[in-house]
2 protein chains.
Amino acid sequence: MLKPDKRDEILRAALELIAEYGFHGAPMAMIAVRAGVGAGTIYRYFENKDVLINELYRELEDKIREYILPGYSTERPIRERFVHLNTKLFRFFIEFPLQFRYLEQFHNSPYGAAYRRDKILGESDEKDVFMRLFEDGLAQQVMKDLPILILFCLSFGPLITSMRDHILGFISLDDIMIERITEACWDGVKR
Amino acid sequence: MLKPDKRDEILRAALELIAEYGFHGAPMAMIAVRAGVGAGTIYRYFENKDVLINELYRELEDKIREYILPGYSTERPIRERFVHLNTKLFRFFIEFPLQFRYLEQFHNSPYGAAYRRDKILGESDEKDVFMRLFEDGLAQQVMKDLPILILFCLSFGPLITSMRDHILGFISLDDIMIERITEACWDGVKR
DNA sequence: TAATATGGAATGAACGTTCATTCCGTATTA
DNA sequence: TAATACGGAATGAACGTTCATTCCATATTA
């Protein structure tokens, strides 16, 4: 019987190594060593490296959703929802920097491009929380009359860029700074 | 005598292939074929792949400076300077999408991290145009009282993110959209 | 001028290394 | 004991880089 905890060890090891060294700097053999399993064992849990990478991404997405959604309500005012999601995202990434770096690696690769194409153009059954927020912001005329994707860029661009600098140690993001950046982003998207 | 145009061909080929396939998806052999030279010839012009990659980045930086600086004056009002640089940067990247993608690849790699560390922490002799703009904006109390790097993130985060979506074909950045995004970024950084 | 010699640029096959993946003998489980 | 999981050596493909050789523009010679 395949053990779930061995699978988790492999995923954890892959996350750590890929976050630090990138996809090409994290060979399967190295992942195996860090996970404390044989190289061949990985292939009992994941068909190949691509599958492992994509699986890791999917689980990460779930983890993020679980982290940011509690306390979030589409009934609240747009501005409050915006601040909630932005702040929680910042907090998540600061608490889990390896996860942030993994996401960065993923998005800046063919994996990420393909995934994003699916998400934006594809007919997803359940709409993204963020999509929904910007749609509502537009409908209520609280946000600037810009394409939703642009509103996206205006709030997540600074988030990602500043997180990167935080992780590299160039700036330090404490709660106050997070709040001020979020406010500045709001100034950017609000009408 | 080593021919400059052969060197240029190699740089051009490397730019195209790395922009499209990433550092690891662009083998030297492939670069050689596209440049129309023998594989070994590259090593007559560049010590190794790392040197080639860094040289390409440095030339790209020069090209950008030459593109955005004409018509720019530190004597003008902060807001005008901000709009000038942002707009020119957008235009450059839209006109030269391969260059944008190369920059992206570079920044999301150990090359970029090392480079950025030097630039931010190092004692550069000449100050960056952008650094200077934000310093002036702070001094004149026109911009929000935030660390310079944060102001940076607030304006370049959206630029980079929206350029990425533009290149992937998810949005279309025309002059009007550029202006509106730049305005929104200004709303983000202005006091 | 014609014929030959020279030296550096260009070449691409070959090398050593690294990697993802497979294979199979052993250990573990039921 | 039979079936399944495991480990890590083996494999072959792909890569960056090297180097013995070829090519060619120029210099030298007769």
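None of these values were measured; they are calculated from a predicted model. Convention: sequence-line order gives letters A, B, ...; per-chain numbering from 1.
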Nearest-Å distance, CG (A:D50) to P (C:dA20)? 11 Å
From the list D:dG16, C:dT21, D:dG7, which nucleotide is the closest neighbour of the side chain of A:V37? D:dG7
So that I can tick it off, tell me whether A:E75 and A:R81 are bridged by a salt bridge, with the cut-off set at under 4.0 angstrom between side-chain N and carboxylate O. no
Rounded to the nearest 0.5 Å, how far does CE of B:M163 lie from OG1 of B:T161? 11.0 Å
Nearest-nucleotide comparison on DNA chain C, the residue closer to the 5′ end among B:G36 and A:H24: B:G36
Between C:dA9, D:dG7, C:dA20, which nucleotide gets closest to the side-chain atoms of A:K49? C:dA20
How many whole angstroms separate atom CD1 of B:I42 from atom P of D:dC15? 13 Å
Rounded distance (nearest 0.5 Å) linking atom CD of B:Q105 with atom CD of B:E20: 10.5 Å
Rounded interatomic separation in angstrom, taking CG from A:N48 and C1' from C:dT22: 13 Å
Counting only side-chain heavy atoms from C-beta out, which of C:dA9, C:dC19, D:dG8 sits nearest to A:A39? D:dG8
Taking CZ from A:F46 and C1' from C:dA20, how many angstroms apart are they, rounded to a whole number? 16 Å
Separation of A:M28 atom CE from D:dG8 atom P, in whole Å? 16 Å
Per nearest nucleotide of DNA chain C, the residue lying toward the 5' end, B:G38 or A:Y43, is B:G38
Calculate the interatomic distance between B:R7 atom CZ and C:dA9 atom P; express it in whole Å. 15 Å
Can you tell me if B:K6 touches the phosphate of C:dA9, counting only side-chain N or O atoms and a distance under 4.0 Å to OP1 or OP2? no
Honestly, is A:K63 close enough over A:F96, meaning NZ or CZ under 6.0 Å from the six-membered ring centre and within 45° of the axis? yes
Strictly by modelled atom types, are B:Y115 and B:E61 linked by a side-chain donor-acceptor pair under 3.5 Å? yes
Here the distance between atom C1' of C:dC19 and atom OH of A:Y21, to the nearest Å, is 17 Å
Can you measure B:R44 atom CZ to C:dG12 atom C1' for me and round it to whole angstrom units? 14 Å
Taking D:dC15, C:dA9, D:dT17 as options, the one with an atom nearest any side-chain atom of B:P27 is D:dC15
